[in-house]
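Values below: all heavy atoms of this structure, side chains included; hydrogens, waters and symmetry mates excluded. Because the structure is predicted, anything quoted here is derived from the model rather than measured. When a ligand or atom number is given, it counts from 1 through the structure's own listing order.
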Amino acid sequence: MYNLARQLLFKLSPETSHDLSLDLIGAGGRLGLNGLLSKAPARLPVTVMGLAFPNPVGLAAGLDKNGAAIDGFAQLGFGFVEIGTVTPRPQPGNPKPRIFRLPHAEAIINRMGFNNLGVDNLVNRVKAASYKGILGINIGKNFDTPVERAVDDYLICLDKVYAHASYVTVNVSSPNTPGLRSLQFGDSLKQLLEALSVRQQALTLQHGRRVPLAIKIAPDMTDEETALVAVALIETGMDAVIATNTTLSRQGVEGLPHADEAGGLSGAPVREKSTNTVRVLAGELAGRLPIIAAGGITEGRHAAEKIAAGASLVQIYSGFIYKGPALIRESVDAIAAMPRG
Ligand SMILES: Cc1cc2nc3c(=O)[nH]c(=O)nc-3n(C[C@H](O)[C@H](O)[C@H](O)COP(=O)(O)O)c2cc1C
C-alpha cells in the first residue's frame, strides 16, 4: 500500500509531500487509524538510559520538528519518537527548495536550517498529545545566535522541554546552521557539555526526575575526533550518544541529479560512515554510555548491522520516506532474529 502512496507523494515536490504526509499521519493519529497502515511490530523490549522501550526502532529527529504528529507516528509502531530540532525562538529556515530526493541512491539532501515554530509551541503540542511512550526532544540553537552564545540557547530549550521529555537530544551536528558543528570539538564541546550537565543536575532536583541527555554527532569526523568526543561524553556524565546526523560527503551520489546541492546527505550513502562512527564510539565507550544509531537504514538487516556494531537503539528517517512504515517492523524483526550473546 505504501508503494502506491509513494508513487503519488513522489510526484509532488519533496517539501510538499513532506508537509502532506505529516498532515495525514497527524490526522490518522487523531482518528486512531494509523495502526491499520502497518502491522504492529513484535514486542522487543529493551531498557536503555534507564528507560523501557517497547522496541528499539525509533523515528529520527527532523521529520516532526514541531511535534505536530506525535500520536500518529507512535501508532505506526515506532518504539520511540524523537521530535525537533526545536530552537528557542521560531525561525523560517532556509529558502525553498531545500529538500532534494536522489531516488536512485535511496538518498536525500536537505538544507532545511532548523525551520520550526519555537520551543513554546512544541511544548504545547507535546502537552496536547495522548502518547505516553518514549519521547525524545531534540534541541538546537537559533541561526542568529552567535555560536559563542550557543550554550544559552541549549539551556533555554533544556529548561522548557525538561518536564515533557523522556530524554533530550542535544544537536551539535546539523550541517545547515553555520558554526554548529564546531561545538563538537575541543573546549567548545567541553564547555557545552559541562554547562548542560550542571543544569541537568539542578533540573533533576527541581523535578525529582533525571531526564537523560543524548548528544547527536556528525559522521564526518576522523576516528580520532570521534574518540575524543567519546572521552568528553564520559567525563561530563552524558547519558547517550546518537550517531549520526547527515554527511557533507557526496560519496556514492556523484553525478546524480541534485548531488551538488548544498546540505546534508542522508539515506543509503551515509550508512557505512555512520556505522563506522558507531563502531569507533563503541570501542571507546566500552559500554559506559549507550549508542543510538541513525544513518542509512533502508532495510531491516541494516538495523541489525547497527546493533552488531554496538548500538542499543536505532532510528530511521530517509528509509521511512523510501520504504514507509513497513520498515519499522522489518527492522524490529531483523534485530529480534540476531544471534544472542
Ligand atoms: C529532511 C531532513 C531533515 C532533518 N532534520 C533534522 C533535525 O532537525 N535534527 C536532527 O537532529 N536531525 C535531522 N535530520 C537527520 C536525521 O535525523 C538522521 O540523523 C539522518 O538523516 C540519518 O538517518 P537516515 O539516513 O535514516 O535519514 C534530518 C534529516 C532529513 C533528511
Side-chain angles (χ1 to χ4, degrees), residues 13-15 17-19 21-22 57-67 73 78 80-87 91 93-94 96-102 105-117 122 136-143 154 157 168-177 180-181 183-184 214-220 241-249 252-253 258 261 263-275 277-278 291-299 302-303 305-306 311 313-323 327-328 331:
S13 85
E15 188 148 354
S17 110
H18 172 272
D19 292 347
S21 307
L22 204 57
V57 179
L59 174 69
L63 232 175
D64 191 1
K65 287 180 190 273
N66 297 305
F73 281 111
F78 284 110
F80 60 113
V81 174
E82 188 169 315
I83 59 174
T85 298
V86 74
T87 55
Q91 60 177 35
N94 288 320
K96 297 176 188 175
R98 53 194 181 176
I99 318 186
F100 306 88
R101 288 186 205 106
L102 292 79
E106 290 189 318
I108 296 174
I109 292 176
N110 93 85
R111 52 168 178 272
M112 303 299 280
F114 291 169
N115 56 306
N116 78 101
L117 300 173
L122 175 134
I137 303 185
N138 181 309
I139 61 176
K141 77 166 198 72
N142 278 111
F143 80 102
Y154 288 105
C157 289
V168 174
T169 299
V170 178
N171 181 4
V172 286
S173 47
S174 165
N176 302 313
T177 296
L180 194 83
R181 286 184 164 202
L183 298 169
Q184 298 176 111
I215 310 301
K216 182 162 177 180
I217 66 170
D220 296 330
V241 56
I242 304 189
T244 68
N245 214 309
T246 58
T247 180
L248 288 170
S249 158
V253 298
H258 303 307
E261 291 290 348
L265 172 68
S266 58
V270 76
R271 182 164 55 245
E272 257 316 305
K273 258 171 124 49
S274 295
T275 306
T277 306
V278 171
I291 302 166
I292 303 171
I297 298 173
T298 61
E299 294 177 26
H302 304 147
E305 269 167 35
K306 301 284 193 196
L313 301 165
V314 302
Q315 294 179 318
I316 57 179
Y317 187 137
S318 304
F320 181 78
I321 304 297
Y322 283 104
K323 299 290 174 65
L327 180 60
I328 306 166
S331 298

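When only non-hydrogen protein atoms are considered, atom 22 (C) of ligand 1 lies nearest to Gly295 CA, 3.7 Å. Atom 14 (N) of ligand 1 has as its closest protein heavy atom Ala61 O, 3.4 Å. Protein heavy atom in closest approach to atom 30 (C) of ligand 1: Asn110 ND2, 3.3 Å. For atom 27 (O) of ligand 1, the nearest non-hydrogen atom of the protein is Ser318 OG, 2.6 Å.
The CD1 atom of Ile321 sits 6.5 Å away from the OG atom of Ser21 when rounded to the nearest 0.5 Å. Note that CD of Glu82 and NZ of Lys216 are 6.0 Å apart. Values are rounded to the nearest 0.5 Å. One distance of note links NZ of Lys323 with OG1 of Thr298; it measures 4.5 Å at 0.5 Å rounding. To the nearest 0.5 angstrom, His18 atom NE2 is 9.0 Å from Ile108 atom CD1.
Between Asn94 and Met112 there is no side-chain heavy-atom pair separated by less than 4.5 Å. Side chains of Leu180 and Phe114 form a contact here, defined as non-hydrogen atoms less than 4.5 Å apart. Between Val172 and Ile215, the closest side-chain pair of non-hydrogen atoms falls below 4.5 Å. A 4.5 Å side-chain heavy-atom check between Leu265 and Val253 finds at least one atom pair inside the cut-off.
Close approach of ligand 1 to Gly296 is summarised as follows: ligand atoms under 4.0 Å from at least one heavy atom of the residue are 24 (P), 25 (O), 26 (O). When each atom of ligand 1 is checked for a heavy atom of Asn171 under 4.0 Å away, the hits are 9 (N), 10 (C), 11 (O). Ligand 1 places these atoms under 4.0 Å from at least one heavy atom of Lys216: 10 (C), 11 (O), 12 (N), 15 (C), 16 (C), 17 (O), 18 (C), 19 (O). Atoms of ligand 1 found under 4.0 Å from any heavy atom of Gly62 (numbered from 1 in listed order, with element): 4 (C), 5 (N), 6 (C), 7 (C), 8 (O).
Between Ala60 and ligand 1, no pair of N/O atoms sits closer than 3.5 Å. Here's the thing with Tyr317: one of its N/O atoms is less than 3.5 angstrom from an N/O atom of ligand 1. Checked by distance only, ligand 1 and Lys65 come closer than 3.5 Å through their nitrogen or oxygen atoms. Of the N or O atoms in Ile108, none lie within a sub-3.5 Å distance of an N or O in ligand 1. On a distance-only criterion, Ala294 and ligand 1 share no N/O pair closer than 3.5 Å.
Within the 4.0 Å heavy-atom criterion, neither part of Leu63 lies near ligand 1. Looking at Thr85 against ligand 1, both its backbone and its side chain come within 4.0 Å, counting heavy atoms. Looking at Arg271 against ligand 1, nothing comes within 4.0 Å, counting heavy atoms. If you look at Asn245 next to ligand 1, the close heavy atoms, those under 4.0 Å, come from the backbone and the side chain alike.
Of the listed residues (Ile83, Thr247, Thr244, Thr246), the one carrying the non-hydrogen atom nearest atom 19 (O) of ligand 1 is Thr244. Proximity annotation for atom 21 (O) of ligand 1: of Gly93, Ala218, Ser266, Pro219, Ser266 comes nearest, heavy atoms only.
Screening Asp220, Thr277, Asn171, Asn176 for a side-chain hydrogen bond (donor to acceptor under 3.5 Å, both in side chains) with Asn245, the sole residue that qualifies is Asn171.
Checked by atom type, the side-chain pair Thr169/Asn138 shows no donor-acceptor distance below 3.5 Å.
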Apply the test ring pair (Phe, Tyr, Trp, His ring centres under 6.0 Å) to residues Tyr317 and Tyr322: give CA-CA distance (whole Å), side-chain angles for both, the deciding distance (0.1 Å), then the verdict.
CA-CA 9 Å; Tyr317 187 137; Tyr322 283 104; over 10 Å; no
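Side-chain rings of Phe78 and Phe320 approach one another, their centers coming within less than 6.0 Å.
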